[in-house]
Every structure is written in structure tokens, then in C-alpha cells.
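A short write-up of the structure that comes next.
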Amino acid sequence: MCMNKLCGNIFLLLTLMVFPGIVRTTAAQEYGGGPIVFIKPVRAVIFEHKFHLGKKFDCQSCHPELFVRKAGAVEEKDDFTMESFNQGKYCGKCHDGTVAFSVNTKCNWCHIGVQGHKHLEEYELGIK
């Protein structure tokens with residue numbers, strides 16, 4: 001097994017342990033505080049409600065000011081980009097290096113990429 005494949009498999013295993021069942025986001029998951037996988041504008045970024053709510057935040061910290069409570073709505077916005085995050089919008093409001101780690105650090109905490117998303121879909125479907 002090549003090193004890249006081994007690292008990929010380890011990453012997938014750790015991701016599935018930390019974020020189980022995250023491939024499909026239903027309205028019940030979103031409103032119930034479940035995990036979300038964003039696939040636009042890049043594929044794929046994980047957001048875990050339980051992790052954030054377990055810290056010093058509640059639903060009103062982000063909703064409705066930063067994020068409306070409608071699945072997929074923020075992904076349709078033209079300014080839902082890393083550039084906007086760096087300007088303090090969306091995730092960047094807290095991930096500024098003061099409240100929480102900056103959006104321009106620890107990239108793989110949120111970004112699992114195309115291959116990670118593919119592995120999660122395959123796992124969810126029972127293919128692998």
C-alpha cells in the first residue's frame with residue numbers, strides 16, 4: 001500500500017470516527033444540530049454542530065445572522081468563499097485567530113476534499 005493511500009485511509013477512519021453519518025444532510029439533522037457537509041463552492045467541507053454547541057456558543061450565535069436555517073441556502077451565495085471568511089463573514093466571524101483558530105490555518109480540520117467526500121459517500125452507501 002502506498003503512503004498516500006495509507007494516509008488517506010487513516011484520515012478517512014479518523015473522520016468517520018469523529019463525524020459519523022455525515023454524507024447526507026437532512027433538514028432534521030440541520031435543525032437538530034447534526035453535521036453538515038458543504039459541497040459548494042468547493043467539495044467538501046465539514047461543519048459539526050455538536051462540536052460548536054459544546055463550546056461557548058448556542059444556536060443564536062450563528063442563526064439567523066450568519067447562516068439562515070435552510071439547508072443549502074448559504075452555498076448558493078456568491079460571497080460564501082474563503083475570501084469572505086478572511087474578511088470576517090460567515091465562519092470567519094469567529095474563526096479569526098482570537099475567538100477560534102483562524103480560517104487560514106488548520107485547513108484539514110474542515111476541508112476533507114473531493115477524495116474524502118467520495119470515501120464518505122462510499123462508506124455511507126456500504127460500497128467499501
Side-chain angles (χ1 to χ4, degrees):
M1 181 180 293
C2 74
M3 190 54 118
N4 284 342
K5 189 170 185 176
L6 176 62
C7 289
N9 288 339
I10 291 170
F11 177 76
L12 174 61
L13 178 61
L14 291 173
T15 301
L16 292 173
M17 288 169 54
V18 176
F19 304 107
I22 61 174
V23 175
R24 290 184 183 85
T25 302
T26 65
Q29 283 178 308
E30 181 177 357
Y31 295 111
I36 296 174
V37 178
F38 294 104
I39 58 172
K40 294 178 185 175
V42 297
R43 187 176 302 237
V45 174
I46 295 175
F47 173 82
E48 175 58 66
H49 277 98
K50 288 180 185 175
F51 177 77
H52 289 81
L53 293 173
K55 303 294 180 189
K56 55 187 168 192
F57 305 103
D58 60 16
C59 298
Q60 290 72 36
S61 299
C62 300
H63 300 293
E65 183 185 339
L66 296 174
F67 298 95
V68 297
R69 291 184 178 182
K70 180 180 175 197
V74 73
E75 292 175 288
E76 299 302 322
K77 294 182 175 276
D78 291 337
D79 70 340
F80 189 61
T81 64
M82 289 303 298
E83 183 179 345
S84 289
F85 296 177
N86 283 315
Q87 296 170 3
K89 295 179 184 175
Y90 304 108
C91 306
K93 178 166 184 184
C94 294
H95 287 278
D96 59 358
T98 302
V99 177
F101 66 88
S102 177
V103 293
N104 59 11
T105 63
K106 300 182 181 184
C107 303
N108 63 353
W109 280 35
C110 305
H111 289 265
I112 61 168
V114 174
Q115 200 60 32
H117 188 244
K118 180 177 181 261
H119 289 308
L120 288 172
E121 286 178 323
E122 290 170 348
Y123 178 81
E124 184 84 359
L125 295 172
I127 295 173
K128 290 192 176 190

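In this text the structure is predicted, and so the values were computed from the model without any measurement.
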Has the side chain of [X] got a donor or acceptor atom that lies under 3.5 Å from a matching backbone atom of [Y]?
X	Y	value
H111	V45	no
N86	M82	yes
E75	F38	no

Atom [atom1] in [X], atom [atom2] in [Y]: separation rounded to 0.5 Å?
X	Y	atom1	atom2	result
W109	I46	CH2	CD1	13.0 Å
C94	L66	SG	CG	7.0 Å
K77	Y90	NZ	OH	4.5 Å
H49	C62	NE2	SG	7.5 Å
F67	I36	CZ	CD1	8.5 Å

Q) Got more than 12 heavy atoms from elsewhere within 6.0 Å of CG, D58? A)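 Yes - once you tally the heavy atoms of other residues, nucleotides and ligands closer than 6.0 Å, there are more than 12.
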Q.
V37 vs F47, test: side chain to side chain contact (heavy atoms under 4.5 Å, CB included). Steps then yes/no.
A. CA-CA 6 Å; V37 178; F47 173 82; over 6 Å; no
Q. For the side-chain hydrogen bond (donor to acceptor under 3.5 Å, both in side chains) test, which of T105, T98, N104 pairs with S102?
A.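 With S102 as partner, T105, T98, N104 yield a single side-chain hydrogen bond (donor to acceptor under 3.5 Å, both in side chains), made by N104.
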Q. Between E83 and K89, is there a salt bridge with N-O shorter than 4.0 Å?
A.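 No, K89 and E83 are not salt-bridged.
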Q. Side chain to side chain contact (heavy atoms under 4.5 Å, CB included) between F85 and H95: does it pass, once the steps are laid out?
A. CA-CA 8 Å; F85 296 177; H95 287 278; over 6 Å; no
Q. When you look at F57 and V99, which way does the side chain to side chain contact (heavy atoms under 4.5 Å, CB included) test go after all the steps?
A. CA-CA 11 Å; F57 305 103; V99 177; 3.8 Å; yes
Q. Does R43 reach the side chain of K118, with side-chain heavy atoms less than 4.5 Å apart?
A.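 SC-SC contact between R43 and K118 ruled out.
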(Q) Which heavy atom of L53 sits nearest to which heavy atom of C59, and what is that distance? (A)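 Nearest pair, atom of L53 first, then C59: CD2-N, 3.8 Å.
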Q | Hphob cluster co-occupancy, V42 + F80, side-chain heavy atoms under 4.5 angstrom | A |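 As far as the 4.5 Å side-chain criterion goes, F80 and V42 are connected within one cluster.
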